[in-house]
Amino acid sequence: MNFIRTIVAAGMVAASTSAFAADITGAGATFPFPLYSKWADAYKKETGNGLNYQSIGSGAGIKQIQAKTVTFGASDMPLKPEQLEKDGMIQWPQAMGALVPVVNLEGVKPGELVFSGELLGDIYLGKVKKWDDPAIAKLNPKVKLPSEAITVVRRSDGSGTTFIWTDYLSKTNAEWKAKAGAGTAVEWPTGVGAKGNEGVAGNVSQTKNSIGYVEYAYAKQNKLTYGAVVNKAGKTVQPTIGAFQAAASNADWAGAKNYYVILTDQPGDASWPITGATFILMHKSATDKAAAQEAIKFFKWAFEKGDKMAEELDYIPMPDSVVKQIEKTWSAEIKS
Amino acid sequence: MAVDSDVIEAAGPYDRARALSAFKVGDVTFYWITRICAISVLLILGGIILSLIVGAWPALREYGLAFLTTQRWAPSADPPVLGALGPVYGTLITSVIAMMIAIPVGLGIAVFLTEICPLWLRRPIGLAVELLAGIPSIIYGMWGFFVLGPFLANTFQPLMINLFDGVPVLGAIFAGPPSYLSLFNASLILAIMVLPFITSISVDVFKTVPPVLKEAAYGVGCTTWEVVRNVVIPYTRVGVIGGIMLALGRALGETMAVTFIIGNSFKIQSSIFAPGTTISAAIASEFAESDGLHQSGLILLGLLLFILTFFVLAAARLMLMRLEKKAGN
């Protein structure tokens, strides 16, 4: 299996390694790609040093950093601490994003419809089949719900977005956890699969009476009707930068080993429950030490100067307390 | 050849033995170059099969033959439960529907182009067919997603669903709800994609029918239909079937366009308006984010597609051989 992995990884970076030798190379998650490229652009202008990031998916990013074909890997799903130790790597959250449920229902305005994790789970299990189901009506007494079948839309490709979504459903809906579970690709009980965030967004916006889940940025840019969600504290929250950041601040970063925190369903009155961090993975002792140092410099710069750029693209910067901790980890763990 | 004449000139006065040996060297070199080319195909094929088997081995050991008969696909279960029945079903169904549409339409276009079409219309239609073949599959996928899918879901599918509602069997095949990501939509895209293969090759082989044969048939009073049916098609059968096989091969393996529009569901449902998946779409969707047994399972799916295609093509060859034998008698 390792042999295959190496071949796949080597093939995928073949293009990137031929680029400028001075550039830092990274590969992985597609979700933070717009952010990393914007940061890289600004960083190049400021320092003259480039960054080459290939958005090929979290799983492939993990494989590449394990095979040491890139300076850093990026994943929407943190690696388990044991796995990290085994590979001699460290990881940290670099930025956060949030998912929102989106619907296409006539006459319903953004933020008007309220969901709970359990209800979303039942819809995605195919148990709640119609929009006027009592379970939906109970949470939405004021909304006029049509007696139409719900079209469930989900991702067809394996993705970190799906991991965050299914992890949230697993935490809030026991039946979902037993039947489908959490993962980048799961056994979907119902629904149609569309490719990528843009596929789900497109499908929902064109299909009447449908529901889907996308990154917040896609919902905003495509002007989709998003829903509000009841969080762990029992409060109904709207998807806002403040609510996303509250989820990050309320997470127990200090107590977590190797930053292994999955941000879904965090406590706190203001926390948006479907939030996820995107992680950077690096070897403690890299083969190319100069490139590793350069990469750390870049991520440090991104933490210090990249917040505004992140917000412009609807990503959520890591809270300062977490950043301080990450910087300590760097100086303790990365060998130069 | 240039090489030979040089050698002969350099030899000065005509020397038969030297000239012959020069020819021989050229011949032997040519023999070996072509031979190496031909053998390299076998080596490449063997390499592909070998690496597929190596990659698929863990899944093969874990699931064995049950892989073929299991419908469940749960990569996130612990341990993962993987079965190929859904994707195999989707691959076969979409290919069959695509061929059911593409063969008559493709042959129809070919017959029209070679037998009936006025001269001035030949070039535009021929060009359009060739362009159809040149469109990248991702464009087909996007067009399917944004244009064809919504059209089918909003007009064609509701019509069929209402038409066959309550009819046994057909009612189940054309069951709702309408969806613009479905097996049927993917089949239709596939049909459009493989159409040029059938048409182009058929046109080319139809042109090889000696005019004398056709003229003779017309001479004894045959209609155009009878000429096509009894002269053109029998004369070009092998070529036409070759084109169809090429198209079928493409339909079985087409990935990008299908991934966009098939809806990626591993469940087998009776309705062709329900989402499904194909082997190649499943691999393309999940490979990047897979690892361990899940990835091995996807490679095993790939191996399965390889074998499936091999058997389909082998069956076609067999059929062709039988037809030829019959025609020979």
Greatest number of non-hydrogen atom pairs under 4.5 angstrom with chain B, of Ala185(A), Ala182(A), Gly181(A), falls to Ala185(A)
Comparing Met77(A), Arg154(A), Lys208(A) against chain B, the one with the most heavy-atom pairs below 4.5 Å turns out to be Arg154(A)
Could you check whether any side-chain heavy atom of Ile192(B) comes within less than 4.5 Å of a side-chain heavy atom of Tyr140(B), counting everything from C-beta outward?
yes
Cut-off 4.5 Å, heavy atoms of chain A, and the answer for Phe266(B) is neither
Heavy-atom side-chain proximity of Pro32(A) to Phe279(A) below 4.5 angstrom: no
So, the part of Ala194(A) with a heavy atom under 4.5 Å from chain B: the answer is both
Is it the case that Ser147(A) and Asp132(A) place a side-chain donor and acceptor less than 3.5 Å from each other?
-> yes
Turns out that what part of Ser265(B) lies under 4.5 Å from chain A's heavy atoms comes down to both
Bottom line for Ser159(A): the part with an atom under 4.5 Å from chain B's heavy atoms is backbone
- Message: Could you check whether atom NZ of Lys177(A) has more than 12 heavy atoms from other residues, nucleotides or ligands sitting under 6.0 Å from it?
- Response: no
Check: Are Asn185(B) and Gln157(B) linked by a side-chain donor-acceptor pair shorter than 3.5 Å?
Finding: yes
When the 4.5 angstrom heavy-atom criterion is applied to Ser58(A) and chain B, the contacting part is both
One option among Gly158(A), Gly183(A), Gly61(A) has the most heavy-atom pairs under 4.5 Å with chain B, and it is Gly158(A)
Per-residue tally against chain A (heavy atom, under 4.5 Å) across Tyr180(B), Trp57(B), Phe260(B) peaks at Tyr180(B)
Taken in chain and number order and not counting sequence neighbours, the residues that satisfy side-chain hydrogen bond (donor to acceptor under 3.5 Å, both in side chains) with Thr259(B) are none
Counting C-beta onward and ignoring hydrogens, is there a side-chain heavy-atom pair between Thr207(A) and Val153(A) closer than 4.5 Å? no
